[in-house]
Amino acid sequence: MGRLCPVENEEQQPAWFVVVLGLGLAVAVAALCFFGLAALGAEQVGTGFVVLVGVLSAVIGGFLSRSLAAKLPPVGRSR
């Protein structure tokens, strides 16, 4: 019996791309939240609120990155 090797799907984005895209989107969502708070006149926010915004931004960024990665053209070397 031969060895089984995983076959890479050329149509799928690499994992590192999805992770970096998710991280960037999470940072963008968090920045928009805090800029929005500053525009509304909030001068101070508590630590718990910062953690809450961070967690929600990570969830939103992860969801958006998986949704967008499927729609983007494949990233990789042309052969």
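One-based numbering along the sequence shown.
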Distance in Å, Ile60 CD1 paired with Cys33 SG, rounded so as to fall on 0.5 Å steps | 6.5 Å
Shared hydrophobic cluster for Val20 and Phe63 (ILVMFWY, side-chain gaps under 4.5 Å) | no
Can you find a pair of side-chain heavy atoms, one from Val53 and one from Phe49, that are under 4.5 Å apart?
-> yes
So, do Val50 and Val45 sit near enough that their side-chain heavy atoms are less than 4.5 Å apart?
-> yes
In one Ile/Leu/Val/Met/Phe/Trp/Tyr side-chain cluster, 4.5 Å: Val27, Val51 = no
Common cluster, Leu68/Val29, ILVMFWY with side-chain heavy-atom separation under 4.5 Å | yes
From Leu64 CG over to Leu21 CG, what is the distance, rounded to the nearest 0.5 angstrom?
-> 8.5 Å
When you measure from the side chain of Gln13 to the backbone N and O of Leu72, does any donor-acceptor pair fall under 3.5 Å?
-> yes
Work out which heavy atom in Arg66 is nearest to a heavy atom in Val18; give both atom names and the distance.
-> CG-CG1, 4.4 Å
What is the distance from atom OG1 of Thr47 to atom CG of Leu52, rounded to the nearest 0.5 Å?
-> 12.5 Å
At what distance, to the nearest 0.5 angstrom, does CG of Leu23 lie from OG of Ser57?
-> 11.0 Å
